[in-house]
Structure formats: structure tokens, C-alpha cells
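Note that these values count all heavy atoms, side chains included, but never hydrogens, waters or copies made by symmetry. The structure displayed is predicted, hence computed values, not measured ones.
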Amino acid sequence: MENPPGNRFCGRCGNRLEAAAPSKVEDVGSAKTMFVDAAAPEPATAAPAPQVVAPSSTTAPSQPVQSAAPSAAPAPVPSGQPTAAPVAPTPAPARAVTPVPRSAAPEPAPAAESPPRAAKLVMLGPDGSPIGERILAPGEILEVGRSGGPPWDEDAYLDQKHGNLAPTEAGVRVEDFDSLNGIFVKLDGRVELRDGDQFRVGQELLLYEDLPEPTPTAEGTERMGSPNPGYWGRVSLLVDPNAASEAYPIEGDGLTVGREDGDITFPQDGYVSSQHCRIIGDDDGVFVEDVGSSNGTYMRVRSGAILPYGSLVLIGQKLFQFERV
């Protein structure tokens, strides 16, 4: 029976039109999630047509139970004026789904954390121009030392196993295997000095040490020494990583290092600028700062430090620059 649009009841049998069995019912419980660029999910299996159940207690008891599609049509009932209507069919259970209003677009899923990029280790020549490079893939660990092959194998200033380099998102992580000569990074601005730190000025290797006020031993014995006029630190010139030839005490605001002008001078070292760097002590700590030297000041890297991309690094007798790929 074809009914005019807008009719709520069938003009032949009087059943509610919305209670008619649908030709296909989406099974929400078995629906598949669709992902971008994935194959379309298989269509859901059509659920069986729901059957009209017995009337509720509010329905007149004389009203018989009717099927969704009766074989024998009862007497016509004028449209809009039915007799007692059957109870609506009970649909198959389904998972609750929270609808999204049309006016509100769903929030985008949070972006996944980007993996670390690869890094590039560029070897620089005496004039600062690149003469070779090595790509470090994300997660790769590059061993540094004479046993690691070129370009390390011919550098007598490297240990057999000197350290390693690993790219991260923020920079390159440097591990020093307690090597004899260490790995040095060129200073960029002011860098904090800690007790035992080493730094290079030209060809000179310097060691910084804190010089606190002398204190008695646990037994109360006073330590013998020359009167301290206010020294708070000391810089020693190393002729060997474990042997100092000269020491310079630091007092007041600090001291300067240079080839011709400064508290510590190296007139024979052509790689040292006239005024090269200075050591400063204030309420915030002790710092070393390059003052515009031609060849820079290099600090020995503490093992585990992450050097930002763009850093100039001295490994043995070779100079490298870390770059992000």
C-alpha cells in the first residue's frame, strides 16, 4: 500500500507507518571504525525485521496482536483516525553513541610527537670550510676513537674508545668515556665554570678549581698555608691533563687571559688573541666568557651534555660542526 507523504498511519491496515519493518537496519554494535587511507569497512549485516509484540496494559484487551505484515488486511480505516495502535517494535540492543552537534566540529586528535631528526657531522678544514661530512640517523650512536676507523684512526690525541655521539631533538648528546684529552665545544656567550672544568685558549690547556677558605680537619687541626687575601678560585696551566706547571689565584671580580693584555698572558702562542677571554665571579656563580677572540675559547664537554645544533666541537685535532638534517 502506497500512502501519501505525511501520513502517520497506513490507509489500508491502520498500522503506524514508522512501525513498519525497515528494509535494512544498521547494526551499530558491529560497525567498523574507518581510518584515513584505509579500505572501506564491509557493510553491516542487515538486522532481521523487528516483530510487533503484544500490546501493553494501556491497549484495549479486545485489540488482537498483529504482525508487521498481515496476510489479511482488516477493514479500511480513514487516514488519521486509527483504532487502538499496536506497541512499537523493540529494536535490537546497540552500543550508546554520543551524537556530535552539526554546528560543532569534532576536535582534531592531538598530533603525535615527532621523532628526532637525523643530524649531520661536518668536518671543517683550517680555513673553516667543510671538507667532509657524516649523517647520523635518528637513534644512531657514532663511536669516537682510534678503533672506530676514519677519520679517527690516525688522530693520536684520541683514545682507542674515546666517546660517542648520538642525535636528539635538541642537539647531539656527547658521552666521554673518561678520555685522556676529552671533547671540547666552542663557547657561545658566558658559560658556567665548575670545580675541575678544563678549557682551551689557543694551544693552552687550563684548569679551573674552587679555592674555598681553609677549614680545620675533623680533629680540629688547622691547615697550614700562606695567608689568603681573598682568593676564591685558581686557574692552572696544564702541561699534561694531570700535571700543572703554573697556577694563578683569582680574587675580586675575576681575571682576564690574552696574548699581550691580561692577568694571564701567553706571548708565544700565536693562536691566542691580545684579549682572549675572562673569568668572572659574582653572586650567580663563576663563569668563563670569550671576549671576541679570533680562534675562540673551548670548554671541555661534561659527559652526557647535549650540544645544540650549530655547535663547533673539537675532537682530538679535528674541528666539527653539528647540523640538523
Side-chain angles (χ1 to χ4, degrees), residues 168 170-176 178 181-217 222-267 269 271-314 319 321-322:
T168 69
V172 176
R173 181 186 298 276
V174 177
E175 297 287 347
D176 187 342
D178 196 22
N181 295 308
I183 299 173
F184 290 78
V185 59
K186 187 176 182 180
L187 297 185
D188 183 12
R190 176 186 294 192
V191 176
E192 183 182 9
L193 272 176
R194 300 179 188 172
D195 182 51
D197 277 346
Q198 296 179 9
F199 59 100
R200 291 187 59 166
V201 177
Q203 293 287 74
E204 317 303 324
L205 181 60
L206 302 174
L207 168 70
Y208 169 77
E209 296 172 285
D210 290 331
L211 197 61
E213 290 288 335
T215 57
T217 64
E222 294 286 344
R223 302 178 186 274
M224 185 177 292
S226 302
N228 186 347
Y231 301 138
W232 49 262
R234 175 174 60 202
V235 172
S236 300
L237 178 64
L238 301 179
V239 294
D240 179 273
N242 299 313
S245 62
E246 300 177 53
Y248 306 88
I250 311 173
E251 61 179 329
D253 296 333
L255 54 75
T256 58
V257 181
R259 188 177 71 248
E260 301 169 353
D261 185 11
D263 301 290
I264 304 175
T265 58
F266 300 104
D269 192 334
Y271 294 95
V272 179
S273 297
S274 178
Q275 289 188 351
H276 200 101
C277 68
R278 60 183 177 179
I279 298 173
I280 306 165
D282 55 27
D283 294 338
D284 296 327
V286 181
F287 303 89
V288 58
E289 181 180 29
D290 190 272
V291 292
S293 65
S294 299
N295 295 303
T297 303
Y298 289 78
M299 170 82 77
R300 182 165 183 168
V301 178
R302 304 180 190 111
S303 186
I306 297 179
L307 304 182
Y309 292 106
S311 298
L312 291 172
V313 183
L314 190 62
L319 183 62
Q321 185 168 25
F322 293 156

Task: Ile279 side chain reached by Tyr248 side chain, heavy atoms, under 4.5 Å - done: no
Only pairs under 3.5 Å count here: list side-chain donor-acceptor contacts from residues 187-197, not counting sequence neighbours, and write none if there are none.
unit_1	atom_1	unit_2	atom_2	d
Asp195	OD1	Asp210	N	2.9
Asp197	OD2	Arg194	N	2.8
Asp197	OD2	Arg302	NH2	2.8

Task: Test item: Leu319 and Tyr298 side chains (from C-beta on) under 4.5 Å apart, heavy atoms - done: yes
Task: Cys277 to Val201 - nearest heavy-atom pair and separation - done: SG-CG2, 3.9 Å
Task: Contact summary for Gln203 and Asp269, nearest pair of heavy atoms - done: N-OD2, 2.8 Å
Task: Ser294: side chain to side chain contact (heavy atoms under 4.5 Å, CB included) partners, not counting sequence neighbours - done: Ser273
TODO: Report the residues that fulfil side chain to side chain contact (heavy atoms under 4.5 Å, CB included) with Ser311, sequence neighbours left out, ordered by chain and then residue number.
DONE: Val185, Leu307, Pro308, Val313
- [ ] Check side chain to side chain donor-acceptor pair (under 3.5 Å) between Glu251 and all other residues, then give those that pass, not counting sequence neighbours.
- [x] none
Task: side chain to side chain contact (heavy atoms under 4.5 Å, CB included) partners of Asn295, counting only residues at least two apart - done: Tyr271
Open item on the list: So, taking the atom named CG in Leu237 and the one named CG in Leu206, what distance separates them when rounded to the nearest 0.5 Å?
Closed with: 6.0 Å
Open item on the list: Taking Gly292's backbone N and O only, do any of them form a donor-acceptor pair with His276's side chain (distance below 3.5 Å, no angle check)?
Closed with: no
Open item on the list: What I'd like to find out is whether the side chain of Val301 reaches to under 4.5 Å of the side chain of Asp176, using heavy atoms alone.
Closed with: no
TODO: Could you list the residues that satisfy side chain to side chain contact (heavy atoms under 4.5 Å, CB included) with Gln198, not counting sequence neighbours?
DONE: Phe184, Leu205, Leu207, Leu238, Arg300
Open item on the list: Tell me which pairs pass salt bridge (Lys or Arg N to Asp or Glu O under 4.0 Å) where either residue lies in residues 227-237, with sequence neighbours left out.
Closed with: Glu209-Arg234
Task: Residue pair Thr256 / Gln275, side-chain heavy-atom distance below 4.5 Å - done: no
Open item on the list: Restricting to non-hydrogen atoms, name the atom on Tyr309 and the atom on Thr168 that form the minimum distance, rounded to 0.1 Å.
Closed with: OH-O, 2.6 Å
Open item on the list: Quick check: do Val286 and Tyr208 have side-chain heavy atoms less than 4.5 Å from each other?
Closed with: yes
Task: Shortest non-hydrogen separation from Pro216 to Glu222 and the atoms involved - done: CG-OE2, 3.5 Å
Open item on the list: For the OG atom of Ser274 and the CZ atom of Arg259, what is their distance to the nearest 0.5 Å?
Closed with: 6.0 Å
Task: Counterpart residues, side chain to side chain donor-acceptor pair (under 3.5 Å), relative to Thr265 (two or more places apart) - done: none
- [ ] Over all heavy atoms of both residues, which pair between Gly304 and Arg173 is shortest? Give the atoms and the distance, please.
- [x] O-NH1, 3.3 Å
Task: Non-neighbouring partners of Arg278 that pass salt bridge (charged side-chain N to carboxylate O under 4.0 Å, His left out), sequence neighbours left out - done: Glu289
Open item on the list: Can you tell me if Asp240 has over 12 outside heavy atoms packed within less than 6.0 Å of its CG?
Closed with: yes
Open item on the list: Please check: side-chain N/O of Arg223 versus main-chain N/O of Thr217, any donor-acceptor pairing under 3.5 Å?
Closed with: no
Open item on the list: Surrounding CG of Asp282 (heavy atoms of other residues, nucleotides or ligands, distance under 6.0 Å), is the total greater than 12?
Closed with: yes
- [ ] Kindly say whether Gly252 contributes a backbone atom to a donor-acceptor pair with the side chain of Trp232 at under 3.5 angstrom?
- [x] yes
Task: Residue list, side chain to side chain donor-acceptor pair (under 3.5 Å) with Ser236, at least two apart or on another chain - done: none
